[in-house]
Amino acid sequence: MKTIQGDQLRGHLETLILSVLERGEAHGLEILRRLDQAGCGLLHLKEGSLYPALYRLEEAGKIQAVWEEEPRGRRGARRRIYGLTSKGKRELAKGRADWARFVQIIGGIVGAPA
Amino acid sequence: MNELILKELKIVVERAVRPVRATMTRKRRMREELLAHLVAIFEQEIEKRGDGQVALEQAKRRFGDPRELTGQLQEAVPRWDRRRSVLENMNCREGESAWHLAARHFLVMLTIYSLPMLPLAAMLAVGRLPGFGPLETQSLLARAFLLGIPTVALVNVFLSLGSASLLDRIGPVLCSKRWGRILLALLCVLLLPCLVVPLVAGAALLLILMSLQTIRQWRYQTEWA
């Protein structure tokens, strides 16, 4: 099956992140692993691109982050553990409703047989 | 992982983060987090492939183009942080040593405080200040240039370094919350006039008193000449 590339994901990435964080707190690599797993390996995102989206969400107060206590085996660089805030949960619910509406409208047009 | 590989990974992170216009605290956070991610994907790749060089290339490929990432990171930097970074660059440059910073500050302060003294220096070149004898003029200006201005500049360096480190500590705590940003803005609005108005008023008063004293002395000398 054809993969979904970064450009196609743009605009949905923030909602995707919020939805995988609903399952529990995670660092960047774990968020990507969950996205990959949920997308059956068909979502192809440049991994560095995850972080600007995380910073935007954090700045907007939709997620919060804490530094992990010890950088186990990663040469001094620490990771940050991200979790949903109550604002993030509300945003996720809104994102899901928007997505359902989008699919309903666009699906009705694109999915309709000629 | 050897030092060479780690250096290569740091270069990738640096290429992405260095051009971003943001405060040093924010960029430090980006650097550390992106490096941790890059190291982790390198470790995954080396486990899969075994060859360090191949794993490095694969990790870079997975991470993405640093130039593209710079643009994305820049978009994630809030406007207030970008504005603060401009002030921060004037105050303290990235990678600058503490001694270099202190010396640069001292020179800047010295220049700022010396500028208003230039008319006086011109008068010294002519010979004397109105109302003062040539020797008194020289001694006054020598005291101002050699002792007064460097002392004030030095005190100002310590004050600005102290305020910068204080802002570094409380800034991120306050700025991370909406109420903190509002509080900081209110403090600035209330505190700045409280500091600036007395300073300006004090300087103006001092200037008026000095002028009056000079005129009085000049009159006294012309009357008794």
Side-chain angles (χ1 to χ4, degrees), chain A residues 3 5-7 9-14 17 25-37 41 43-83 85-88, chain B residues 1-3 5-7 9-10 12-13 15-17 20 22 26-47 58-82 172 175-181:
Chain A
T3 60
Q5 300 292 321
D7 286 346
L9 288 174
R10 200 163 292 164
H12 306 294
L13 185 57
E14 293 184 9
I17 293 171
E25 294 180 335
H27 50 74
L29 202 64
E30 172 63 16
I31 292 173
L32 284 165
R33 196 193 61 79
R34 286 183 195 173
L35 280 174
D36 191 52
Q37 203 177 36
L43 297 180
H44 272 244
L45 177 74
K46 293 289 175 198
E47 297 191 18
S49 301
L50 172 77
Y51 291 91
L54 286 171
Y55 298 153
R56 277 197 303 274
L57 285 168
E58 192 188 3
E59 200 57 45
K62 293 169 192 169
I63 57 173
Q64 58 190 8
V66 283
W67 286 105
E68 71 176 354
E69 301 213 337
E70 275 176 46
R72 270 165 303 206
R74 279 186 314 283
R75 310 298 296 261
R78 290 173 303 161
R79 297 187 293 202
R80 284 175 13 114
I81 314 293
Y82 293 91
T85 61
S86 46
K87 190 180 177 186
Chain B
M1 185 197 313
N2 62 39
E3 288 303 317
I5 298 280
L6 185 66
K7 197 178 162 195
L9 298 177
K10 279 183 177 170
V12 175
V13 171
R15 274 193 195 137
V17 177
V20 175
R26 188 174 288 266
K27 283 168 85 167
R28 234 189 337 256
R29 191 184 80 187
M30 287 176 183
R31 277 191 187 100
E32 184 162 0
E33 194 172 20
L34 290 176
L35 182 65
H37 186 95
L38 204 47
V39 169
I41 53 180
F42 172 79
E43 282 169 355
Q44 280 182 351
E45 291 300 327
I46 196 107
E47 248 178 62
Q58 189 61 17
K60 282 185 189 174
R61 203 188 57 76
R62 273 175 62 180
F63 191 70
D65 180 9
R67 278 172 301 179
E68 212 173 287
L69 185 55
T70 301
Q72 293 169 356
L73 287 169
Q74 188 63 66
E75 282 169 25
V77 176
R79 237 180 302 168
W80 61 266
D81 194 273
R82 242 174 291 166
C175 292
S176 61
K177 306 251 186 295
R178 182 188 284 267
W179 62 263
R181 287 199 287 271

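Computed from a predicted structure; not experimentally measured. Just so we're on the same page: letters track the sequence lines, and every chain starts at 1.
- The residue among B/Arg26, B/Glu75, B/Arg29 with the most heavy atom pairs within less than 4.5 Å of chain A is B/Arg29.
- The main-chain N or O of B/Glu68 is never found under 3.5 Å from a side-chain atom of A/Lys46 such that the two would form a donor-acceptor pair.
- By the 6.0 Å contact criterion, CZ on B/Arg15 is open, its count of non-hydrogen atoms from other residues, nucleotides or ligands being 12 or less.
- When atom types are taken as modelled, the side chain of B/Glu32 and the backbone of A/Arg78 share a donor-acceptor pair closer than 3.5 angstrom.
- For the pair A/Ser49 and B/Leu69, the tightest heavy-atom approach, listed with the atom from each and the gap, is N-CD1, 4.0 Å.
- Between A/Pro52 and B/Ala76, the shortest heavy-atom contact is O-CB, 3.5 Å.
- Looking at every heavy atom in both residues, A/Arg79 comes nearest to B/Ala36 through CG-CB, 3.8 Å.
- For chain B, the nearby part of A/Leu32 is the side chain; its heavy atoms alone come within less than 4.5 Å.
- With sequence neighbours left out, B/Arg62 forms a side-chain hydrogen bond (donor to acceptor under 3.5 Å, both in side chains) with A/Glu47, B/Gln44, B/Glu45.
- Rounding to the nearest 0.5 Å places CZ of A/Arg56 at 9.5 Å from CG of B/Leu73.
- In this structure, a donor-acceptor pair under 3.5 Å is present between the side chains of B/Glu33 and A/Tyr55.
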